[in-house]
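Keep in mind that the numbers below use all heavy atoms, side chains included, and drop hydrogens, waters and symmetry copies.
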Amino acid sequence: MYTLLKTEGRARRGEFQTPHGIIQTPVFMNVGTMAVVKGAVSSIDLETVHCQVELSNTYHLHLRPGDQVVKALGGLHRFMNWRKPILTDSGGFQVFSLSALRKIQEEGVTFASHIDGHRIFMGPEESMEIQSNLASTIAMAFDECAPYPSTREYMQASVDRTTRWLERCAKRLRLLNSDSDTLNRRQMLFGINQGGIFEDIRVRHAETIAAMDLDGYAIGGLAVGETHEEMYRILDAAVPALPQCKPIYLMGVGTPENILESVDRGVDFFDCVLPARNGRHAHVFTNSGVLHLLNARFELDGSPIEPGCVCPACQQHTRAYIRHLFKAKEMLAMRLCVLHNLFFYNNLMKEIRLALDEGRFQSYKKAKLETFAAARPTKS
């Protein structure tokens with residue numbers, strides 16, 4: 001159940017009650033595709049950096065270690081020792097990202113495994129069954145994330161098929177949740193709005209799936225090549241057409257600036273690989289811009305990544321030491337930068353929630369964007 005606590009313009013402050021705890025929104029979900037955040041980050045670490053929701057991927061866990069294995073071990077929560085909510089992506093994004101290895105049909109999608117090339121079929125029913133075996137808190141509907149750019153004709157056909165797939169997902173999950181053998185019989189389902197950069201297709205699809213009264217709704221198919229201005233234009237059109245009494249999730253987004261702009265347009269949930277991926281390459285987020293710790297100017301820098309930050313990396317180590325670890329190719333370097341970046345993102349969301357609680361989100365957003373803009377571009 002989603003409870004709206006406060007609004008400021010279209011920005012929303014809420015709470016989302018789930019079988020694994022209450023999620024304070026707006027929220028950034030920390031991406032652990034294979035039931036782990038890349039960079040030697042444990043579930044205990046996720047607690048330390050104030051993660052509320054972990055996100056894992058259906059397609060990847062189906063391949064390795066196998067969803068049946070995870071089910072036999074008690075589901076993802078027990079498998080990775082994480083008590084809080086978990087959202088599982090449906091495998092639909094792999095319809096986009098593995099375009100050279102798949103074939104789309106009405107029944108579903110046939111993939112060639114990116115690991116060993118063996119053929120895999122996944123449709124709405126299979127995706128729901130895998131996610132039910134994983135026993136995640138929130139299951140995402142199986143959809144097609146259409147490529148950018150796509151023609152209007154292709155996009156409309158894709159969206160129509162995604163709608164039919166959503167109906168099949170909802171029917172299958174209802175059956176699975178009524179099965180006594182199911183690990184999480186209260187598993188939630190989020191539908192996904194598609195339509196590329198065509199506003200009218202987006203709005204019609206949003207209105208269609210809104211009528212299905214799902215647990216939540218996502219906006220997919222953005223951050224795949226379009227400009228930021230195009231993304232914001234689509235959010236301005238699509239978000240108001242989705243149920244305002246349910247959480248709204250913008251998939252795969254994004255930069256701190258993207259998040260601030262999207263919260264202002266009514267988005268509640270976010271996820272992105274950016275903080276972990278950048279951290280593994282020595283790029284760290286700060287309120288003074290993005291720093292590249294491999295730069296020579298940090299060789300004798302005895303300050304933390306960001307003065308005043310209370311993350312585990314900043315509390316215990318210096319820029320000079322972390323730079324040395326990268327130069328020595330020590331895994332601890334990646335771990336420390338990933339921890340810092342995840343903390344930065346989770347703390348950004350905490351600040352956003354506080355600003356909404358106190359009725360000052362617009363001034364907070366303005367000041368934050370000005371700070372980020374003043375620091376850009378930063379090559380150091």
Geometric class of the Y345/F285 ring pair [parallel <30°, tilted 30-60°, perpendicular >60°]: perpendicular
Check: C51 and V37 side chains under 4.5 Å, non-hydrogen atoms: no
Pair T3, Q17: side-chain N/O donor-acceptor within cut-off below 3.5 Å: no
Stepwise salt bridge (charged side-chain N to carboxylate O under 4.0 Å, His left out) test for E54 and K84: CA-CA 8 Å; E54 190 272 348; K84 294 181 181 180; over 6 Å; no
Ring centre gap for Y249 and Y217 strictly below 6.0 Å: no
Any side-chain heavy-atom pair of K71 and L134 under 4.5 Å: no
4.5 Å side-chain heavy-atom contact, P240 and R10: yes
Plane angle bin for Y321 and H324 - parallel if under 30°, tilted between 30 and 60°, otherwise perpendicular: tilted
More than 12 heavy atoms from other groups under 6.0 Å of CZ on R78: no
Pairwise side-chain contact, C145 with V224, heavy-atom cut-off 4.5 Å (strictly under): yes
V273-L61 co-clustered via ILVMFWY side chain contacts under 4.5 Å: no
Validation row: M334, H281 side chains within 4.5 angstrom (heavy atoms): no
Exam field: side chain D89 to backbone N57, donor-acceptor pair closer than 3.5 Å: no
Pair F270 and F28, ring centroids less than 6.0 Å apart: no
I115 CD1: over 12 foreign heavy atoms closer than 6.0 Å: yes
R265 NZ/CZ over Y232 ring centroid, <6.0 Å and within 45° of normal: yes
Donor-acceptor pair, side chain of N193 and main chain of I219, under 3.5 angstrom: no
Polar side-chain atom of K246 near backbone of L214 as donor-acceptor pair, under 3.5 Å: yes
